[in-house]
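Sequence lines set the chain letters: A, B, ... in the order given, protein chains first and strands last, and positions in each chain run from 1.
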Amino acid sequence: MQEIPSKYDPSQVEDKWYQYWMKHKLFRSVPDNREPYCIVIPPPNVTGVLHMGHMLNNTIQDVLIRRARMKGKNACWVPGTDHASIATEAKVVQKLAAEGINKFDIGREKFLEHAWEWTHKHGGIILEQLKKLGASCDWERNCFTMDPPRYESVIKVFVDLYNRNLIYRGVRMVNWDPKAKTALSDEEVVYTEVNSKLYYVKYFLENSHDYIVVATTRPETILGDTAVCVNPNDERYQHLKGKNVIVPMVNRVVPVIFDEYVDPSFGTGALKITPAHDLADYELGLKHNLPVIDILNNDGTLNEKAQLFVGEDRFVARELSHKKLEELGLLVKVEDYTNKVGLSERTHVPIEPRLSLQWFLKMKELARPALENVLNGNIKLYPSKFVNTYRHWMENVKDWCISRQLWWGHRIPAYYLADGSFVVAENEYQALEKARQKTGNPHLTLSDLRQDEDVLDTWFSSWLWPISVFDGIRYPENPEIKYYYPTNDLVTAPDILFFWVARMIIAGYAFTGEKPFRNVYLTGLIRDKQRRKMSKSLGNSPEPLDLIAKYSADGVRVGLLLCSPAGNDILFDESLTEQGRNFGNKIWNAFRLVRSWKIDEHIEQPAYTQLAVEWFDELLNKTMAEIDEHFENFRISDALMTLYKLFWDEFSSWYLEIIKPAYQQPIDRNTYQKTVEYFEILLKLLHPFMPFITEELWQLMDKRQEGQSIMIEQLPQPRIAKTKIIEDFEIVKEAITQVRAIRKEKNIGTKEPIKIYIKSANNTYNPSLGVILAKMTLADKIELTETKISNAFSFMVRAAEFFVETEQKIDLEEERQKILDELNYTRGFLESVMKKLSNERFVANAPAQVVELEHKKRKDAEAKILALEARLKELQ
RNA sequence: GGGCGAUUAGCUCAGUUGGUUCAGAGCACCUGCCUUACAAGCAGGGGGUCGCAGGUUCGACUCCUGCAUCGCCCACCA
C-alpha cells in the first residue's frame with residue numbers, strides 16, 4: 001500500500017473536487033417529487049470582493065444546503081449578484097473622474113456603457129471566490145438584479161403598486177446626499193455623535209434696539225431663516241407677540257411665531273426656523289404658512305438665494321458665517337456641543353434634509369401582514385431577540401423614498417408629457433397608449449414622451465429576490481416558483497434587517513400572498529479580537545483567499561463556525577482557522593491509521609473490540625440525534641462542536657485506541673468493517689462543514705464509481721440509542737483516566753506491572769468491560785474483589801471502588817488523607833440530598849424524575865460512604 | 001430621550017419552562033512525553049463566591065426589583 005504523508009495537503013485536493021462536483025452537475029437542482037429545500041443567496045454587490053462577512057454567511061448557507069441534500073431533500077441554492085446602484089455608480093464615477101471624465105458631460109447612455117463594462121469586468125469575481133470556499137450553488141441559476149427578467153419584474157412591480165395607489169410622487173423633505181447628489185431612504189442614514197458648536201446669535205427686533213438670542217448649530221442656515229419661534233407659554237417672550245425680527249447678515253424681516261414645539265429650557269428657548277433645511281422647521285413652516293428659502297445646491301454649496309457666500313460649500317459657509325456674525329457683533333457666544341448628525345450610509349458625508357420631488361411607496365398597509373406573520377411565528381427569526389427590533393420598525397414604518405437621482409439602476413417607468421402630467425407603464429409603447437387615452441390625442445408619438453430620469457433604490461429590486469430568481473413576478477404560475485417557494489432559510493447579517501429582510505417579507509405577501517422564507521438566521525458581525533469591526537480602512541480584515549491558501553477552505557469554514565453562535569458578534573482570530581486546519585489533519589491521520597491495518601480472516605473478533613463497537617454504535621446514534629436537534633435550532637456552532645468532540649475524543653482517542661491492534665498485528669474482519677462503516681458515517685456528518693477533505697477521504701476509502709460523491713450520499717436516520725452501555729463506558733473511561741493519573745503521579749512506568757481490583761456497589765461497574773480497562777491501563781490483572789487490599793492506591797468512581805496494586809509501597813498517611821477528604825465531601829453531599837428528600841414540599845412538587853434521581857444519588861452516596869469508611873479502617 | 005439584549009474560567013461562549021456538593025465546553029495555560037496514525041500530536045492537571053445589592057422559594061446562574069457597566073436598534077430638541 002502506498003505511503004501517504006502524515007500531513008494533509010489540501011492544495012491539490014480542493015480544486016480537484018470542486019471541478020468534479022461541477023462536472024457531474026451535483027449542485028444542480030430541478031423540481032422533482034422530493035421535498036424541496038431552498039436558500040437564495042443574499043446577493044453580494046456585483047463588483048464587490050469577498051470579505052470575512054461573506055465567508056461566514058456563505059459557509060453557513062453551504063452547510064445548511066449540503067446537509068439538506070444529504071437528508072434526502074432536493075436542495076437548491078440560488079446564487080446571484082446585486083447591481084448595488086449607488087455603490088457601483090460611485091465606483092464608476094470615480095474611475096471616470098480619474099480619466100478626467102464627468103458623467104454629466106458624457107450623458108446617461110454613454111455612462112451606462114461604462115457601468116456595464118465595469119460590471120462585466122469586475123462582476124463575478126466574488127462568485128469565483130465563493131467557489132474557492134466550496135459553495136455548492138446551482139450556478140446555472142445565477143441571477144443579476146439587472147438582468148432582463150429581474151429588470152422587467154421590478155418595472156412590473158412598480159406599475160402594479162402605482163396602480164394599486166401605493167406609489168405616489170410628491171415634494172417632501174428627504175435625506176439628501178450632497179456627494180452622491182441623490183435622495184436616500186431613512187434607512188440609508190446613519191446617525192453619529194459628533195463634537196460641534198452651539199452658536200448664540202442676536203436677532204434684533206424690527207425698528208428696535210432690543211434683540212432676542214437664538215441658539216443654533218448651523219449658523220449658515222440663518223441665510224434661509226423665515227421666522228423665529230418661541231413657546232407661547234414662555235414668559236420671557238410674551239412681549240414678542242406680533243413682532244418681527246431681522247435675520248442677521250441678510251437683514252430679512254421675518255415674524256416671531258409661537259409654537260409649543262419649542263422647548264423653553266433648551267438654549268435660549270428661541271428657535272430659528274429654516275423650513276428648507278430642517279424637517280421640524282419644515283413642518284412648523286407649513287403650519288404657520290412660512291415661505292421656504294432653499295439656499296443650497298444639490299452638491300451642498302450655497303446658491304444665490306443665500307445672498308452671501310454663494311458657491312461656497314456648506315461647511316465653509318458655516319465658518320464664514322461665524323466670522324461675519326462676529327464682525328457684525330451679533331455673536332453672543334459659542335459653546336462646545338455634541339449632537340447627532342446623519343451621515344450617508346454610502347458616502348459618509350452629512351446628509352442634508354432637503355425638499356425635493358421624489359417617488360414614495362406607502363408602507364403602512366403593506367407592512368401589516370409582514371408584521372403579523374413574524375409575530376405569530378409563521379416566519380421565525382433566529383435569534384428571536386430580533387423580533388422586537390423588527391416589530392418596532394414595522395410599527396413605525398414610514399413611506400419609503402424609492403427614487404434616486406442616479407443612472408445605474410432600474411429607470412422609473414413614468415413618462416411625462418409636455419404639460420408635466422405623466423403616465424406610468426411597463427414600457428414606452430404602453431405608455432404611449434395610455435398617454436393617448438389620457439389626453440384624447442391620438443397623434444401623440446414616442447417623442448412626445450419623456451421618461452423619468454431617476455432610477456429606483458437598489459433595495460426596490462432586491463426586495464423581490466426570493467420571487468424574482470424564479471421569475472415569479474412575471475410568471476406567477478411558473479412551476480419553478482410553485483415548487484421552490486416559499487424558500488426555507490435565509491442567512492444574512494442583522495445590519496440589513498430593515499433594508500432587505502423586512503422588505504422581502506413585505507414583498508412576499510404583497511406579490512405572492514405567501515412568506516418568502518420560513519426561517520431567518522441572522523449571523524453576527526465579524527470583528528477582530530479587539531472587537532473592532534472588520535473594515536478595509538482599518539486594515540484588520542484578513543484576505544479570505546489568503547486564509548484559504550494557508551489553512552484550507554475546510555479549515556477556514558470550521559474556524560469561522562466554531563465561534564459563530566447566532567446573532568453574536570464573531571471575534572475572529574486566525575488561531576481559529578488554525579484549529580480548523582488541525583482538525584482536518586486529525587481526520588486525515590485517523591484515516592491513515594485505519595488504512596494501515598491488515599485484515600486477517602482467521603482471527604476471531606476479540607471481546608474488547610466487540611464491546612467497543614457496541615458502545616460506539618449507541619454513542620453515534622445518540623450524538624446524531626443531538627446534532628439533528630442543534631440544526632433544528634440553528635445552533636450550527638454547537639452542531640459542529642458536538643461532531644468535533646465525537647470525532648476527536650470519542651472516535652479517535654477512545655474507540656480507535658481501544659480497537660487498535662498491536663503494532664503490525666492484523667485486525668479481524670468484523671471490527672475492521674464496522675470501523676470503516678463508522679468512519680464513513682462520520683465523514684458524511686462532517687461533509688457539510690468540511691466538504692473537501694471528506695470527499696477526498698471518502699473516495700480514498702473505497703473504489704467509487706465515476707460521478708459518485710459523498711455530497712449526494714444520504715445521512716442515516718439516528719435510532720433511539722441504548723444508554724446503558726454508554727453509561728457503563730463512562731465509568732470505565734473515568735477509571736482509566738484515574739489509573740493513568742496514578743501512573744503519572746507515582747511515576748509508575750508503562751512497563752511496570754499493575755493489578756486492578758474492583759469493589760462495585762449498586763452494579764456501578766460493568767465487569768464485562770474489564771477487558772477494556774485492562775487494555776487501556778496496561779494492567780496485568782483486573783479482578784472483582786470483596787476482600788481488603790491494603791497496599792494499593794484507590795479511588796472511587798461513583799459507587800465503585802478501584803484499587804491499583806503495584807510494586808510500590810503506598811504512603812498510608814497520604815492515602816488516608818485523600819479518603820478522608822472524599823468522605824467529608826460525600827457526607828456533605830448526602831446531607832444535601834437527604835435534606836431535599838426529607839422536605840415534603842420537594843417530594844410533592846418536584847417532577848418525579850428529579851425525585852427519582854435524588855433517590856439514586858442517595859443510594860450511591862451511601863454506598864460510597866460505606867466503602868470509604870471501610871477503606872479507612874483497612875488503612876489503619 | 002425611548003426600547004431591546006447582555007454581564008458565567010485568562011479569551012470566546014453553553015447552561016434548555018428554578019432541582020445535585022459537577023457551574024460546563026472549546027481555545028489558551030501548566031506538567032510529562034518525538035509511545036511507529038497524528039508534536040497541526042498524546043497523556044495528565046490547575047483555574048470561576050455565575051456584574052453588584054436586595055427579594056420570592058424547601059431550593060436561584062436560572063424568577064422579581066433596584067443599581068452599575070457594555071452593546072444594539074429607534075427618535076426632528078435647535
Side-chain angles (χ1 to χ4, degrees), chain A residues 4 6-8 173 191 198 214-218 221 229 261-263 265-274 278-284 337 339-340 342 353 383 385-390 392-393 396 494-495 497-498 525 529 531 551 555 562-563 565 567-571 573 575-576 578-579 581-597 629 633 635 637-638 641-642 644-645 652-653 656-657 660 663-664 737 740-741 743-745 747 750 825-833 835-836 838-847 849-851 853-854 857 861:
Chain A
I4 52 176
S6 69
K7 290 214 179 356
Y8 168 59
M173 206 61 156
Y191 288 89
L198 194 55
V214 171
T216 179
T217 52
R218 303 193 56 189
T221 62
C229 186
Y261 168 80
V262 178
D263 176 1
S265 65
F266 186 88
T268 59
L271 174 66
K272 66 186 218 53
I273 305 294
T274 321
D278 184 279
L279 182 57
D281 289 10
Y282 175 67
E283 280 164 6
L284 283 171
Y337 186 66
N339 64 339
K340 298 239 171 141
K385 67 178 176 188
F386 285 109
V387 172
N388 277 324
T389 318
Y390 179 88
H392 190 261
W393 188 79
N396 297 291
D495 53 348
L497 184 61
F498 308 135
L525 251 42
K529 271 208 124 170
R531 282 198 182 271
Y551 297 104
L562 279 176
C563 60
N568 273 16
D569 285 352
I570 287 108
L571 274 51
D573 189 75
S575 67
L576 291 162
E578 196 178 326
Q579 194 185 345
R581 177 198 61 180
N582 294 356
F583 186 39
N585 204 48
K586 184 70 188 180
I587 301 168
W588 179 257
N589 278 293
F591 173 75
R592 286 177 66 228
L593 174 67
V594 173
R595 187 182 140 117
S596 72
W597 292 337
E629 207 184 315
N633 297 309
R635 303 178 72 139
S637 238
D638 290 342
M641 184 45 73
T642 304
Y644 180 92
K645 286 191 278 188
S652 299
S653 298
L656 289 180
E657 290 299 332
K660 185 158 126 182
Y663 181 53
Q664 289 195 332
T737 301
R740 284 170 174 167
R743 268 208 141 96
K744 179 170 173 172
E745 197 183 324
N747 267 317
T750 47
Y825 176 89
T826 312
R827 280 175 177 150
F829 176 72
L830 180 63
E831 201 179 316
S832 81
V833 173
K835 201 173 131 199
K836 257 189 267 187
S838 59
N839 182 329
E840 280 170 37
R841 300 184 60 174
F842 172 77
V843 179
N845 298 331
Q849 276 181 331
V850 174
V851 179
L853 201 66
E854 293 300 315
K857 280 186 286 188

Between [N] and [X], is there an OP1 or OP2 to side-chain N/O distance shorter than 4.0 Å?
X	N	value
A:S832	B:U21	yes
A:K586	B:C42	yes
A:N582	B:G41	yes
A:Y191	B:C72	no

Given that A:V833 and A:R635 both sit by RNA chain B, which one's nearest nucleotide is further toward the 5' end?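 That would be A:R635.
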Start at the 5' end of RNA chain B and walk down; is the nucleotide closest to A:S575 or to A:T737 reached first? A:S575
Name the nucleic acid region contacted by [X], choosing base, sugar-phosphate or nothing; use a 4.0 angstrom heavy-atom cut-off, strictly under.
X	value
A:D278	nothing
A:K645	sugar-phosphate
A:S653	sugar-phosphate
A:F498	sugar-phosphate
A:R743	nothing
A:V851	nothing
A:A741	sugar-phosphate
A:Y390	nothing
A:L271	base
A:K272	nothing
A:E629	nothing
A:R740	sugar-phosphate

Does any donor-acceptor pair link the side chain of A:Q579 with the base of B:A28 at a separation under 3.5 Å?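 Looking at the base of B:A28, it does not pair with any donor or acceptor on the side chain of A:Q579 (distance under 3.5 Å).
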Side-chain donor/acceptor contact of A:Y261 with base of B:C76 under 3.5 Å: yes
Nucleotide nearest A:K340 when distance is taken to its side chain, options B:U12, B:A75, B:A37: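 Closest of the options to the side chain of A:K340: B:A75.
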Choosing from B:G32, B:A25, B:U36, which nucleotide comes nearest the side chain of A:K744? B:G32
Could you work out the separation of [N] and [M] based on their [atom1] atoms and round it to a whole Å?
N	M	atom1	answer
B:G18	B:C64	P	10 Å
B:U12	B:A53	P	23 Å
B:G46	B:U31	P	15 Å

Of all the heavy-atom pairs spanning A:Q579 and A:Y644, show the shortest one and how long it is.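 Shortest heavy-atom contact: NE2-OH, 3.3 Å.
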